[in-house]
Amino acid sequence: MPELPEVETIKNSLEKKIKGNIISSIEVLKKKSFRGNQNKVWGLEILSLGRRGKNLYFKLEKENNLLIHLKMTGQLIYQTKNKIEDLKHQRVVINFNDKSRLVFNDLRIFGWIKLFNNKDLEKEFTILGPEPFFKEFNDGYLKKILTRSRRAIKLSLLDQKKISGIGNIYANEALYQAKILPIRPSNSLTDKEIKKLRLGIIKVLRKGIKYKGSTAADENYRLPDGSKGQYQTHFKVYQKNGKKCHQCKKLIKKIKLGGRGTFYCPVCQK
DNA sequence: TGATATGTTATCTT
DNA sequence: CAAGATAACATATC
(Lines give C-alpha, C1' and ligand atoms only; values in the text may rest on other atoms or scores of the structure.)
Protein backbone atom coordinates (compact mmCIF):
# COMPACT_ATOMS: atom_id res chain seq x y z
CA MET A 1 0.00 0.00 0.00
CA PRO A 2 1.19 3.52 -0.57
CA GLU A 3 2.54 4.55 2.83
CA LEU A 4 5.15 7.21 3.58
CA PRO A 5 8.08 5.54 1.73
CA GLU A 6 5.95 4.77 -1.32
CA VAL A 7 4.56 8.31 -1.58
CA GLU A 8 8.03 9.76 -1.00
CA THR A 9 9.39 7.57 -3.80
CA ILE A 10 6.64 8.69 -6.19
CA LYS A 11 7.29 12.32 -5.25
CA ASN A 12 11.02 12.07 -5.87
CA SER A 13 10.56 10.23 -9.13
CA LEU A 14 7.82 12.51 -10.46
CA GLU A 15 9.74 15.64 -9.51
CA LYS A 16 12.31 14.96 -12.21
CA LYS A 17 9.58 14.43 -14.78
CA ILE A 18 6.89 17.05 -14.22
CA LYS A 19 8.36 19.95 -12.21
CA GLY A 20 8.15 22.97 -14.49
CA ASN A 21 5.56 21.35 -16.75
CA ILE A 22 2.49 23.34 -17.77
CA ILE A 23 -0.92 21.69 -17.48
CA SER A 24 -2.77 21.88 -20.78
CA SER A 25 -5.90 20.10 -19.55
CA ILE A 26 -7.28 17.69 -16.97
CA GLU A 27 -9.70 14.97 -18.02
CA VAL A 28 -11.92 13.65 -15.22
CA LEU A 29 -13.07 10.19 -16.26
CA LYS A 30 -14.54 9.32 -12.85
CA LYS A 31 -16.24 12.15 -11.01
CA LYS A 32 -15.57 10.70 -7.56
CA SER A 33 -11.83 10.76 -8.23
CA PHE A 34 -11.53 14.56 -8.65
CA ARG A 35 -12.98 17.21 -6.31
CA GLY A 36 -13.11 20.81 -7.43
CA ASN A 37 -13.15 22.54 -10.81
CA GLN A 38 -10.39 21.02 -12.92
CA ASN A 39 -10.65 23.78 -15.53
CA LYS A 40 -9.21 26.29 -13.04
CA VAL A 41 -5.69 24.88 -13.37
CA TRP A 42 -5.43 24.73 -17.14
CA GLY A 43 -2.39 26.67 -18.32
CA LEU A 44 -0.73 26.67 -14.89
CA GLU A 45 2.86 25.58 -14.24
CA ILE A 46 3.79 22.95 -11.64
CA LEU A 47 6.18 24.87 -9.37
CA SER A 48 7.09 22.11 -6.93
CA LEU A 49 6.03 18.79 -5.41
CA GLY A 50 5.59 17.93 -1.75
CA ARG A 51 4.54 15.17 0.61
CA ARG A 52 2.83 15.20 4.00
CA GLY A 53 2.15 11.80 5.56
CA LYS A 54 0.67 9.69 2.78
CA ASN A 55 -0.51 12.80 0.92
CA LEU A 56 1.22 14.05 -2.23
CA TYR A 57 0.72 17.56 -3.54
CA PHE A 58 1.70 19.68 -6.52
CA LYS A 59 2.12 23.40 -5.95
CA LEU A 60 0.88 25.33 -8.96
CA GLU A 61 0.91 28.97 -10.02
CA LYS A 62 -1.69 31.38 -8.55
CA GLU A 63 -1.77 29.64 -5.14
CA ASN A 64 -3.37 26.50 -6.51
CA ASN A 65 -2.49 23.03 -5.24
CA LEU A 66 -3.44 19.56 -6.36
CA LEU A 67 -3.62 17.27 -3.34
CA ILE A 68 -3.48 13.55 -4.12
CA HIS A 69 -4.26 10.57 -1.91
CA LEU A 70 -3.68 7.15 -3.45
CA LYS A 71 -5.47 5.26 -0.66
CA MET A 72 -4.91 1.56 -1.36
CA THR A 73 -4.78 1.05 -5.10
CA GLY A 74 -3.99 4.43 -6.65
CA GLN A 75 -1.16 4.76 -9.15
CA LEU A 76 0.39 7.80 -10.82
CA ILE A 77 1.86 6.76 -14.16
CA TYR A 78 3.80 9.24 -16.27
CA GLN A 79 3.83 8.82 -20.06
CA THR A 80 5.84 10.81 -22.58
CA LYS A 81 4.23 11.68 -25.91
CA ASN A 82 5.60 8.65 -27.76
CA LYS A 83 4.60 6.26 -24.95
CA ILE A 84 0.93 7.16 -24.47
CA GLU A 85 -0.97 4.02 -23.52
CA ASP A 86 -4.38 3.70 -21.88
CA LEU A 87 -4.51 1.86 -18.55
CA LYS A 88 -7.28 -0.37 -17.25
CA HIS A 89 -8.54 1.82 -14.40
CA GLN A 90 -7.90 5.39 -15.54
CA ARG A 91 -9.76 7.93 -13.39
CA VAL A 92 -8.06 11.26 -14.05
CA VAL A 93 -5.62 12.28 -16.78
CA ILE A 94 -3.42 15.38 -16.44
CA ASN A 95 -2.15 16.48 -19.85
CA PHE A 96 0.89 18.71 -20.27
CA ASN A 97 1.93 21.24 -22.93
CA ASP A 98 4.71 18.96 -24.19
CA LYS A 99 2.10 16.26 -24.97
CA SER A 100 3.23 14.05 -22.07
CA ARG A 101 0.66 13.08 -19.43
CA LEU A 102 0.17 11.83 -15.90
CA VAL A 103 -2.48 9.14 -15.46
CA PHE A 104 -4.20 8.62 -12.12
CA ASN A 105 -5.06 4.93 -12.29
CA ASP A 106 -7.07 3.54 -9.38
CA LEU A 107 -8.74 0.14 -9.29
CA ARG A 108 -10.98 0.63 -6.25
CA ILE A 109 -11.79 4.33 -6.65
CA PHE A 110 -11.01 5.18 -3.02
CA GLY A 111 -8.21 7.57 -3.95
CA TRP A 112 -8.75 11.18 -5.09
CA ILE A 113 -7.23 14.37 -6.37
CA LYS A 114 -8.52 17.63 -4.83
CA LEU A 115 -7.93 21.24 -5.75
CA PHE A 116 -6.99 23.55 -2.85
CA ASN A 117 -5.72 27.07 -2.40
CA ASN A 118 -2.66 27.54 -0.18
CA LYS A 119 -4.63 28.38 2.94
CA ASP A 120 -7.01 25.41 2.73
CA LEU A 121 -4.13 23.05 1.99
CA GLU A 122 -2.38 24.14 5.19
CA LYS A 123 -5.62 23.57 7.06
CA GLU A 124 -5.85 20.02 5.73
CA PHE A 125 -2.43 19.24 7.14
CA THR A 126 -3.08 20.55 10.65
CA ILE A 127 -5.09 17.43 11.50
CA LEU A 128 -2.10 15.18 10.78
CA GLY A 129 0.36 14.14 13.47
CA PRO A 130 4.09 14.82 13.06
CA GLU A 131 6.17 13.07 10.45
CA PRO A 132 8.49 10.42 11.93
CA PHE A 133 11.43 12.36 10.48
CA PHE A 134 10.40 15.63 12.18
CA LYS A 135 12.34 16.85 15.21
CA GLU A 136 9.05 17.12 17.03
CA PHE A 137 8.70 13.32 16.82
CA ASN A 138 10.97 12.57 19.78
CA ASP A 139 10.77 10.15 22.70
CA GLY A 140 8.86 12.68 24.80
CA TYR A 141 6.19 13.16 22.13
CA LEU A 142 5.78 9.43 21.55
CA LYS A 143 5.50 8.82 25.28
CA LYS A 144 2.90 11.56 25.59
CA ILE A 145 0.58 10.11 22.94
CA LEU A 146 1.04 6.49 24.08
CA THR A 147 0.49 6.93 27.80
CA ARG A 148 -2.93 8.44 27.07
CA SER A 149 -4.21 5.30 25.35
CA ARG A 150 -4.92 1.69 26.20
CA ARG A 151 -5.38 0.64 22.57
CA ALA A 152 -3.07 -1.95 21.05
CA ILE A 153 0.23 -0.28 20.19
CA LYS A 154 -0.11 -1.18 16.52
CA LEU A 155 -3.39 0.75 16.27
CA SER A 156 -1.70 3.83 17.74
CA LEU A 157 1.03 3.61 15.10
CA LEU A 158 -1.62 3.57 12.37
CA ASP A 159 -3.42 6.64 13.76
CA GLN A 160 -2.57 9.48 11.33
CA LYS A 161 -3.63 12.10 13.86
CA LYS A 162 -0.86 10.89 16.18
CA ILE A 163 1.88 10.00 13.69
CA SER A 164 1.56 10.55 9.95
CA GLY A 165 2.73 8.20 7.24
CA ILE A 166 2.74 4.73 8.82
CA GLY A 167 0.45 2.07 7.31
CA ASN A 168 -0.02 -1.63 7.88
CA ILE A 169 3.25 -2.80 6.38
CA TYR A 170 5.58 -0.44 8.22
CA ALA A 171 3.65 -0.75 11.50
CA ASN A 172 4.25 -4.52 11.48
CA GLU A 173 7.91 -4.16 10.49
CA ALA A 174 8.62 -1.39 13.02
CA LEU A 175 7.19 -3.44 15.89
CA TYR A 176 9.33 -6.41 14.90
CA GLN A 177 12.36 -4.13 14.74
CA ALA A 178 11.58 -2.86 18.26
CA LYS A 179 10.78 -6.38 19.56
CA ILE A 180 7.34 -5.33 20.79
CA LEU A 181 4.14 -7.36 20.41
CA PRO A 182 1.49 -5.56 18.30
CA ILE A 183 -1.25 -6.28 20.87
CA ARG A 184 0.53 -4.62 23.79
CA PRO A 185 -1.53 -1.74 25.27
CA SER A 186 0.01 1.58 24.15
CA ASN A 187 0.40 2.74 27.74
CA SER A 188 2.28 -0.40 28.82
CA LEU A 189 5.51 0.43 26.98
CA THR A 190 8.56 1.28 29.07
CA ASP A 191 10.72 4.33 28.27
CA LYS A 192 13.31 2.00 26.82
CA GLU A 193 10.76 0.36 24.54
CA ILE A 194 9.43 3.73 23.42
CA LYS A 195 12.91 4.75 22.33
CA LYS A 196 13.42 1.45 20.51
CA LEU A 197 10.08 1.85 18.79
CA ARG A 198 10.86 5.39 17.63
CA LEU A 199 14.19 4.26 16.21
CA GLY A 200 12.53 1.17 14.69
CA ILE A 201 9.93 3.30 12.92
CA ILE A 202 12.60 5.58 11.46
CA LYS A 203 14.75 2.63 10.46
CA VAL A 204 12.07 0.74 8.52
CA LEU A 205 10.76 3.90 6.84
CA ARG A 206 14.27 4.88 5.71
CA LYS A 207 14.85 1.38 4.42
CA GLY A 208 11.51 1.54 2.61
CA ILE A 209 12.58 4.73 0.85
CA LYS A 210 15.99 3.25 0.05
CA TYR A 211 14.33 0.34 -1.78
CA LYS A 212 11.78 2.62 -3.49
CA GLY A 213 8.79 1.33 -1.53
CA SER A 214 7.22 -2.09 -1.38
CA THR A 215 5.04 -3.87 -3.91
CA ALA A 216 3.98 -6.89 -1.84
CA ALA A 217 1.86 -9.76 -3.17
CA ASP A 218 -1.49 -8.50 -4.54
CA GLU A 219 -0.36 -4.90 -4.33
CA ASN A 220 -0.87 -2.17 -6.87
CA TYR A 221 1.87 0.23 -5.86
CA ARG A 222 4.00 1.29 -8.80
CA LEU A 223 6.60 3.93 -9.50
CA PRO A 224 5.61 6.54 -12.13
CA ASP A 225 7.43 4.50 -14.79
CA GLY A 226 5.27 1.46 -13.98
CA SER A 227 7.99 -0.50 -12.16
CA LYS A 228 7.62 -2.17 -8.74
CA GLY A 229 9.24 -1.23 -5.44
CA GLN A 230 11.77 -3.62 -3.90
CA TYR A 231 11.34 -3.33 -0.14
CA GLN A 232 9.09 -6.42 -0.05
CA THR A 233 12.19 -8.57 -0.51
CA HIS A 234 13.37 -7.25 2.86
CA PHE A 235 10.20 -7.90 4.89
CA LYS A 236 10.88 -9.58 8.23
CA VAL A 237 7.27 -10.30 9.23
CA TYR A 238 4.73 -8.79 6.81
CA GLN A 239 3.03 -11.65 4.93
CA LYS A 240 5.63 -14.02 6.41
CA ASN A 241 3.18 -16.08 8.46
CA GLY A 242 4.28 -19.71 8.56
CA LYS A 243 7.85 -18.71 7.60
CA LYS A 244 10.81 -18.86 9.98
CA CYS A 245 11.82 -15.81 11.99
CA HIS A 246 15.24 -14.53 10.84
CA GLN A 247 16.50 -14.37 14.41
CA CYS A 248 15.06 -17.33 16.33
CA LYS A 249 13.78 -19.62 13.52
CA LYS A 250 10.35 -20.00 15.15
CA LEU A 251 7.34 -19.50 12.87
CA ILE A 252 5.88 -16.02 12.24
CA LYS A 253 2.25 -15.74 13.34
CA LYS A 254 -0.68 -13.88 11.84
CA ILE A 255 -3.64 -12.43 13.75
CA LYS A 256 -6.24 -9.76 13.10
CA LEU A 257 -6.09 -6.43 14.87
CA GLY A 258 -8.64 -3.76 14.09
CA GLY A 259 -9.64 -5.90 11.10
CA ARG A 260 -6.12 -5.69 9.65
CA GLY A 261 -3.58 -8.45 9.07
CA THR A 262 -1.00 -8.39 11.85
CA PHE A 263 2.25 -10.35 11.70
CA TYR A 264 4.77 -10.98 14.47
CA CYS A 265 7.33 -13.35 15.94
CA PRO A 266 5.90 -14.87 19.16
CA VAL A 267 9.42 -15.36 20.56
CA CYS A 268 11.39 -12.23 19.62
CA GLN A 269 8.56 -9.78 20.28
CA LYS A 270 7.54 -9.30 23.91
C1' DT B 1 -18.93 -18.16 -4.24
C1' DG B 2 -18.10 -15.74 -0.44
C1' DA B 3 -14.11 -14.35 2.18
C1' DT B 4 -10.16 -11.43 1.86
C1' DA B 5 -7.12 -7.39 1.17
C1' DT B 6 -6.59 -2.31 2.91
C1' DG B 7 -6.64 3.78 4.25
C1' DT B 8 -9.67 6.75 5.84
C1' DT B 9 -13.93 8.45 7.62
C1' DA B 10 -18.62 8.37 9.28
C1' DT B 11 -21.21 6.52 12.71
C1' DC B 12 -22.28 3.78 16.58
C1' DT B 13 -21.05 2.25 21.30
C1' DT B 14 -18.94 2.25 25.69
C1' DC C 1 -17.63 13.95 26.36
C1' DA C 2 -14.10 11.39 24.53
C1' DA C 3 -12.08 7.32 23.15
C1' DG C 4 -12.57 3.20 20.95
C1' DA C 5 -14.72 -0.07 17.88
C1' DT C 6 -16.80 -1.05 13.59
C1' DA C 7 -18.98 -0.54 9.01
C1' DA C 8 -18.63 1.35 4.63
C1' DC C 9 -16.39 2.43 0.38
C1' DA C 10 -15.08 -0.81 -4.63
C1' DT C 11 -13.29 -4.54 -6.93
C1' DA C 12 -10.11 -8.21 -8.26
C1' DT C 13 -8.53 -12.52 -6.77
C1' DC C 14 -8.52 -17.15 -4.86
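What you see is a predicted model; the values in this text were computed from it and never measured.
- For the pair A:L128 CG and B:dG7 C1', the interatomic distance rounds to 13 Å; values are reported in whole Å.
- Contacts classified as salt bridge (Lys or Arg N to Asp or Glu O under 4.0 Å) and involving residues 15-30 of chain A (residues at least two apart or in different chains) are not found.
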Give every pair of a protein N or O atom and an N or O atom of nucleotides 9-14 of chain B that lie under 3.5 Å apart, one pair per line with the distance.
none

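- A:E6 and A:Y170 share a side-chain donor-acceptor pair at under 3.5 Å.
- The interatomic distance linking A:N168 (CG) with B:dA5 (P) rounds to 10 Å, in whole Å.
- Using a 3.5 Å distance cut-off with no hydrogens or angles, the side chains of A:N65 and A:N118 do pair a donor with an acceptor.
- Checking A:K254 against A:L158, the closest nucleotide of DNA chain B that is more toward the 5' end is the one next to A:K254.
- Pairs of residues two or more places apart, or lying in two chains, never qualify as salt bridge (Lys or Arg N to Asp or Glu O under 4.0 Å) while including a residue from residues 118-128 of chain A.
- Here A:H69 reaches the OP1 or OP2 of B:dT8: one of its side-chain N or O atoms lies under 4.0 Å away.
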Please list, for nucleotides 7-14 of chain C, all pairs of protein and nucleotide N/O atoms separated by less than 3.5 Å.
from: C:dA10; atom 1: O4'; to: A:R108; atom 2: O; distance (Å): 3.0

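- Contact annotation for A:G111: no contact, since no heavy-atom pair falls under 4.0 Å across all strands.
- Partners of A:R184 according to the side chain to side chain donor-acceptor pair (under 3.5 Å) rule, which considers only residues two or more places apart in sequence or in another chain, are A:S188, A:E193.
- Every residue two or more places apart in sequence or in another chain that forms a side chain to side chain contact (heavy atoms under 4.5 Å, CB included) with A:N39 is listed here: A:N37, A:W42.
- For A:N172 and B:dG7, the CG to P distance is 10 Å, given to the nearest whole Å.
- Because its NZ or CZ atom is both nearer than 6.0 Å to the ring centre of A:F133 and within 45° of the ring axis, A:R206 counts as a cation-pi partner of that residue.
- Counting heavy-atom neighbours within 6.0 Å of A:K228 NZ, excluding the residue itself, gives a total of 12 or less.
- In this structure, A:Y238 reaches the sugar-phosphate backbone alone: every heavy-atom distance under 4.0 Å involves primed, P, OP1 or OP2 atoms, never a base.
- Applying the side chain to side chain donor-acceptor pair (under 3.5 Å) test to A:R198 and every residue at least two apart in sequence or in another chain returns A:D139.
- Here the separation of C:dA7 from B:dA3, taken at their P atoms, is 14 Å to the nearest Å.
- For the pair A:Q160 and B:dG7, the criterion of a side-chain N or O lying under 4.0 Å from OP1 or OP2 is not met.
- The distance between atom CG of A:L146 and atom P of C:dA3, rounded to the nearest whole Å, is 14 Å.
- Distance, A:L157 CG to B:dT6 P: 16 Å, rounded to whole Å.
- Remark: C1' of C:dA3 and CG of A:L155 are 12 Å apart, rounded to the nearest angstrom.
- Distance CD1 (A:I145) to P (C:dG4): 12 Å, rounded to an integer number of Å.
- Put simply, CD1 on A:I68 is 16 Å from C1' on B:dG7, counting in whole angstrom units.
- Of the P atoms belonging to B:dT11 and C:dA10, the separation is 15 Å, rounded to the nearest Å.
- If you take atom C1' in C:dC14 and the same atom in B:dG7, they sit 23 Å apart, rounded to whole Å.
- Applying the side-chain hydrogen bond (donor to acceptor under 3.5 Å, both in side chains) test to pairs two or more places apart or on separate chains, those with a residue in residues 245-267 of chain A are A:K154-A:T262, A:K179-A:Q247.
- Sorted by first and then second residue, the salt bridge (Lys or Arg N to Asp or Glu O under 4.0 Å) pairs involving residues 49-70 of chain A (not counting sequence neighbours) are A:E8-A:R51, A:R51-A:E131, A:R52-A:E131.
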Secondary structure of DNA chain B in dot-bracket form (Watson-Crick or G-U wobble, distances below 3.5 Å, | marking inter-strand pairs): .||||.||||||||
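- Between A:Y221 and B:dA5 there is no side-chain N or O to OP1 or OP2 distance below 4.0 Å.
- At the heavy-atom level, A:T73 lies nowhere under 4.0 Å from the strands shown.
- The side-chain hydrogen bond (donor to acceptor under 3.5 Å, both in side chains) contacts involving residues 100-111 of chain A comprise A:T73-A:D106, A:Q75-A:N105, A:Y78-A:S100, A:Q79-A:R101, A:D86-A:R101, A:Q90-A:R101, A:D98-A:S100, where partners must be two or more places apart or lie in separate chains.
- Evaluation of the side chain to side chain contact (heavy atoms under 4.5 Å, CB included) rule for A:T147 yields A:K143 as partners, not counting sequence neighbours.
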